[in-house]
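A short worksheet on the structure shown next.
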Amino acid sequence: KVKLEGVMVDSGLAFTTWFSFAPLNEGKDAMLMGDMVLLETELPKVEKRLTEDGINITAIHNHLLNEKPKIMYLHVDAMGDPLTLSQKLKEVLSLPAPTLPASFTAQPAGIKWDSVEQILGAKGKPAGPVLNFSFPRNEQVKGDGMDIPSGFGISTGIGFQKIGDKAAITGDFVLMDKEVVPVTAALIQHGITVTAIHNHMLMDSPRLFMMHFWAIGNPDDLAKGLKAALDKTNSKK
C-alpha cells in the first residue's frame, strides 16, 4: 500500500513488476528485459541474486517523489534459454515477498474516460480505477544490434487513476536527447511535475532517455498537458 500526496496509489498505475521475452535463434533462446518494483530494504538481496544468476542490472532509480514507503525500480536484461531465465526470475521474485500475486487482474470500473481519450487521440486500456495508454516511437530501437520490440519498455506509457472528480497521473516518456528539454518545459508549463530523467537500458541505439512525471488535477486539463508534451516527440499518432 503506497501513498503519495494523501492518495492511495493503485498498483496498476505505478507499482507492477514486469518482464518481457522475445525469441532468438528460432526460439531456442530469448531476449529478456524488465523492471522490478522494490522497497529500498529489498534491493541488496535482489541485486546479489540477479548477479549470481547472470541477469544484468541496467538501472536502479526512483520513478516518483515523496511516496511512502519509498519505492525503487531495478531494470534488468539478459539473453539465454527462456525457461531457465523464467525459473531464475521466479526465484528472485520470491526473495522480497513469496506471496506476490501472479498477475494484475482488476476489472474495468465503468469510469467514463471519453474526453481524456479524445484529447490524447488514443484508446486507453482500463483496469479498475486506472486507464493506461501506450505510444510507441517511430524509430526502430536496437539493443546490442538487435531490434527491440515496443513491448520492452520503449513506448511512452501514461496512466490515469480516478480520484473523485480528479485524476492522478504518472508514467514514462521515452525520449531522444533533443526532446528532453522541450518535453520537460511542456509538462511543467501545464502543472505536471517531472520526477526523474534517466536511462533504463544500456547499449540502446538510438540512445533513449526516460522521463517520469506526477500530478493530480482535472483529468481533461492533465490530458491537455500530456498531449502538448507528446506533440514534442516522434511518437506514432
Side-chain angles (χ1 to χ4, degrees), residues 14-38 40 42-64 71-93 95 134-158 170-184 194-213 229-230 232-236:
F15 306 125
T16 301
T17 290
W18 64 269
F19 300 111
S20 289
F21 292 82
L24 299 172
N25 303 325
E26 299 180 347
K28 296 176 183 177
D29 294 312
M31 175 195 302
L32 158 73
M33 286 187 186
D35 182 3
M36 296 189 69
V37 183
L38 301 166
E40 290 179 304
E42 295 169 340
L43 277 170
K45 55 189 174 184
V46 170
E47 291 174 350
K48 185 175 184 293
R49 187 57 177 269
L50 288 170
T51 301
E52 291 172 347
D53 285 346
I55 296 174
N56 303 321
I57 299 170
T58 59
I60 302 172
H61 46 229
N62 68 295
H63 285 186
L64 296 170
I71 302 296
M72 300 296 290
Y73 298 79
L74 185 152
H75 296 262
V76 299
D77 73 17
M79 294 184 190
D81 175 70
L83 294 180
T84 300
L85 291 173
S86 296
Q87 184 60 42
K88 289 179 177 179
L89 291 172
K90 183 177 181 180
E91 292 169 359
V92 171
L93 283 171
L95 295 175
S134 181
F135 297 90
R137 293 195 60 87
N138 282 309
E139 303 89 355
Q140 176 59 62
V141 179
K142 293 181 178 289
D144 288 326
M146 292 177 287
D147 291 347
I148 300 177
S150 60
F152 274 54
I154 57 171
S155 297
T156 289
I158 291 172
T170 190
D172 182 4
F173 276 85
V174 179
L175 304 171
M176 302 279 283
D177 53 2
K178 63 185 178 182
E179 297 170 341
V180 171
V181 172
V183 169
T184 299
V194 175
T195 56
I197 302 172
H198 47 226
N199 69 291
H200 286 180
M201 298 179 291
L202 305 173
M203 310 302 291
D204 46 330
S205 178
R207 186 67 169 148
L208 297 176
F209 295 85
M210 281 62 178
M211 180 183 295
H212 299 271
F213 57 90
L230 278 169
K232 305 292 184 183
T233 72
N234 187 29
S235 299
K236 293 180 180 178

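We use all heavy atoms of the structure for the numbers below, so side chains are in, but hydrogens, waters and symmetry mates are not.
Between Asp35 and Thr17, the closest side-chain pair of non-hydrogen atoms is not below 4.5 Å. Between Leu64 and Phe15, some side-chain heavy-atom pair lies under the 4.5 Å cut-off. Looking at heavy atoms from C-beta onward, Ile197 lies out of side-chain contact with Leu175 at the 4.5 angstrom threshold. Between Val92 and Asp53, some side-chain heavy-atom pair lies under the 4.5 Å cut-off. By the 4.5 Å heavy-atom criterion applied to side chains, Phe152 and Met201 are not counted as neighbours. Between Thr51 and Asn56, every side-chain heavy-atom pair lies at or beyond the 4.5 Å cut-off.
Pairing each heavy atom of Gly171 with each of His212, the nearest pair is O-ND1, 3.1 Å. Taking every heavy atom of both residues into account, Val37 and Ile71 meet most closely at CG1-CG2, 3.4 Å. When all heavy atoms of Met176 and Leu208 are compared, the closest pair comes out as SD-CD2, 4.2 Å. Heavy atoms only, all atoms of each residue included: Gly153 and Val174 are closest at O-CG2, 4.0 Å. Summarising the geometry of Lys45 relative to Leu95, their closest heavy-atom pair is NZ-O, 3.5 Å, with the distance given to 0.1 Å. Across Pro206 and Gln140, no two heavy atoms sit closer than the pair CD-O, 4.1 Å.
Around the NZ atom of Lys142, the shell of radius 6.0 Å holds more than 12 heavy atoms that belong to other residues, nucleotides or ligands.
Between the CD atom of Glu47 and the CG atom of Leu38 there is a distance of 9.0 Å, given to the nearest 0.5 Å. From Ile154, atom CD1 reaches atom OG of Ser20 across 10.5 Å, with rounding to the nearest 0.5 Å. Put simply, CE on Met33 and CH2 on Trp18 are 8.0 Å apart, with the number rounded to the nearest 0.5 Å. To the nearest 0.5 Å, atoms CG (Asp204) and CG (Asn199) are separated by 7.5 Å. To the nearest 0.5 angstrom, Ser235 atom OG is 8.0 Å from Phe173 atom CZ. The structure places CE of Met210 at 6.0 Å from CG of Asp172, a figure rounded to the nearest 0.5 Å.
Among residues two or more places apart in sequence or in another chain, the side chain to side chain contact (heavy atoms under 4.5 Å, CB included) test is passed with Phe209 by Asp177, Val180, Arg207. For Asn234, the side chain to side chain contact (heavy atoms under 4.5 Å, CB included) criterion is met by Arg137, Asn138, Glu139, Glu179, not counting sequence neighbours.
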Intermediate values then yes/no, side-chain contact (heavy atoms from CB on, under 4.5 Å), Ile60 and Leu43: CA-CA 9 Å; Ile60 302 172; Leu43 277 170; 4.1 Å; yes
Residue pair Met211, Val194: steps toward the side-chain contact (heavy atoms from CB on, under 4.5 Å) verdict: CA-CA 7 Å; Met211 180 183 295; Val194 175; 3.7 Å; yes
Verdict with supporting geometry, Ser86 and Phe19, side-chain contact (heavy atoms from CB on, under 4.5 Å): CA-CA 9 Å; Ser86 296; Phe19 300 111; over 6 Å; no
Verdict with supporting geometry, Val46 and Met36, side-chain contact (heavy atoms from CB on, under 4.5 Å): CA-CA 9 Å; Val46 170; Met36 296 189 69; 4.0 Å; yes
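Ring-plane geometry between His75 and His61 is classed as tilted, the angle between the planes lying from 30 to 60 degrees on a 0 to 90 degree scale. Taking the six-membered ring where the residue is Trp, His63 and His198 present tilted rings, their angle falling between 30° and 60°.
Within the structure, every pair that satisfies the salt bridge (charged side-chain N to carboxylate O under 4.0 Å, His left out) test and touches residues 73-93, not counting sequence neighbours, is listed here: Arg49-Glu91.
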